[in-house]
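For reference, the structure discussed in these notes is given below.
Positions are given from 1, in the same order as the sequence printed here. Just follow the structure's listing: the first ligand is 1, and inside any ligand the first atom is 1.
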Amino acid sequence: MRKTMTTALTAVLLTALTACGSGGGNAADDGKITMGFAQVGAESGWRTANTKSVQESAKSAGIELKFSDAQQKQENQIKAIRSYIQQKVDVIAFSPVVETGWDTVLLEAKRAKIPVILTDRAIDSDDTSLYETFLGSDFIDEGKKAAQWLVENSSGPTNVVELQGTTGAAPAIDRKEGFEDVIRSKPDIRIVASQTGDFTRSGGKQVMEAFLKSQPDIDVVYAHNDDMGLGAIEAIKAAGKKPGVDIKIITVDAVKDGMTALAGGEINFIVECNPLLGPQLMDLAKKVVDGEEVPERVVTEETTFTQDQAKTALPDRKY
Ligand code: GZL
């Protein structure tokens with residue numbers, strides 16, 4: 001009798017452990033890893049490509065994906081993370097829309113023993129135990145590359161207007177910082193106006209219309225992403241000026257629409273920001289759920305494009 005009881009108890013315990021998975025979450029019934037992904041929104045071509053990469057990579061990695069679109073609102077991302085905790089997923093991944101305000105909800109995930117992966121954007125927190133790793137670009141370096149091109153391709157007094165990304169977002173803060181670090185070496189280059197266009201085409205157009213009214217002499221637009229740069233092109237044309245010629249344009253991302261405008265001479269230089277983070281994210285998720293060591297920081301590979309380079313690269317671009 002005692003032997004049978006022990007065997008039954010062991011079986012129950014083993015089942016319970018398997019069901020919980022190693023991350024303290026609840027793997028899907030068939031033992032697959034379940035990932036809760038809280039996306040920023042669908043604000044730009046970059047975001048669309050990033051979402052596609054995450055969804056397709058989850059499928060090929062055999063990871064069950066729970067996906068939410070926060071429409072660029074932090075409270076929606078926090079709600080989504082809380083729901084993933086309640087659903088006991090095995091791992092949570094998200095791109096924080098802004099850098100601050102995450103400690104409380106990430107502490108809840110930590111207490112629930114659900115590992116968190118930051119992808120695309122970083123958070124500004126002293127407690128680095130709140131996440132396992134940050135996979136994404138070096139945005140300061142992107143800003144530096146943008147400014148380096150301008151330093152090498154401008155002469156004499158050069159007035160720059162800046163279309164900033166979402167206020168408080170890591171790419172907006174860092175792309176500004178990197179750009180300013182480099183132009184400091186060339187006092188002739190001045191940022192005469194700077195305002196957020198929230199990473200959207202409409203935002204870039206509206207802010208550029210205002211700049212064209214308030215700034216008598218604009219030589220260059222530095223847009224933190226292609227979409228705002230494309231919006232600025234519409235405003236520049238409506239003002240009867242030639243984008244890429246009368247007013248030079250530098251952007252970041254290198255999505256298809258941006259690269260097409262670059263190849264067509266309406267943008268002058270693009271710094272690439274790679275959105276295809278899905279495969280690396282799924283690889284990191286599997287390692288994290290299995291309790292394997294992962295690097296604290298994984299920086300994505302990316303390059304820059306001139307107008308001629310865009311013409312060559314366009315046919316093979318995946319996004
Ligand atoms: C950068 C990403 C930014 C893109 C924008 O990694 O967070 O957000 O540059 C997107 O296009 O909206």
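Remark: minimum distance from atom 4 (C) of ligand 1 to any protein heavy atom is reached at Asp253 OD1, 3.5 Å.
For the residue pair Lys110 and Ser129, a side-chain donor N or O sits within less than 3.5 Å of a side-chain acceptor on the partner.
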Worksheet item: Going through the distances and angles, do Gln39 and Asn50 end up as a side chain to side chain donor-acceptor pair (under 3.5 Å)?
Response: CA-CA 9 Å; Gln39 181 58 293; Asn50 178 251; 2.8 Å; yes
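Applying the 4.0 Å criterion to heavy atoms of Ser44 picks out, from ligand 1, the atoms 5 (C), 10 (C), 11 (O), 12 (O). Heavy-atom proximity to Cys273, at under 4.0 Å, picks out these atoms of ligand 1: 1 (C), 6 (O). Proximity to Pro171 (heavy-atom distance under 4.0 Å) selects the following atoms of ligand 1: 7 (O). Against a heavy-atom cut-off of under 4.0 Å, Phe199 is close to the following atoms of ligand 1: 5 (C), 12 (O). The Phe139 neighbourhood of ligand 1 comprises atoms 1 (C), 6 (O), with distances under 4.0 Å to a heavy atom of that residue. Remark: ligand 1 atoms within the under-4.0 Å shell around heavy atoms of Glu43 are 8 (O), 10 (C), 12 (O).
With hydrogens and angles ignored, the 3.5 Å screen pairs a side-chain donor or acceptor of Asp138 with a backbone N or O of Ile140.
For ligand 1, the polar-atom distance check against Asp227 finds no nitrogen or oxygen pair separated by under 3.5 Å. Distances between N or O atoms of Arg175 and those of ligand 1 include at least one value under 3.5 Å. Distances between N or O atoms of Arg121 and those of ligand 1 include at least one value under 3.5 Å.
Clustering ILVMFWY residues whenever any of their side-chain heavy atoms sit less than 4.5 angstrom apart, transitively, puts Val220 in the very cluster that holds Val252. Hydrophobic clustering of Ile, Leu, Val, Met, Phe, Trp and Tyr side chains at less than 4.5 Å, counting indirect connections, keeps Ile247 apart from Val160.
For Phe37 and Phe94, the ring centers sit 6.0 Å or farther from each other.
Because its NZ or CZ atom is not both nearer than 6.0 Å to the ring centre of Phe179 and within 45° of the ring axis, Arg175 does not count as a cation-pi partner of that residue.
When the options Thr48, Thr119, Asp120 are ranked by their closest heavy atom to atom 1 (C) of ligand 1, first place goes to Asp120.
Checking Val105, Ile85, Ile117 one by one against Ile92, the side chain to side chain contact (heavy atoms under 4.5 Å, CB included) holds for a single residue, Ile85.
Ligand 1 is never approached by Gly136 to a heavy-atom distance shorter than 4.0 Å.
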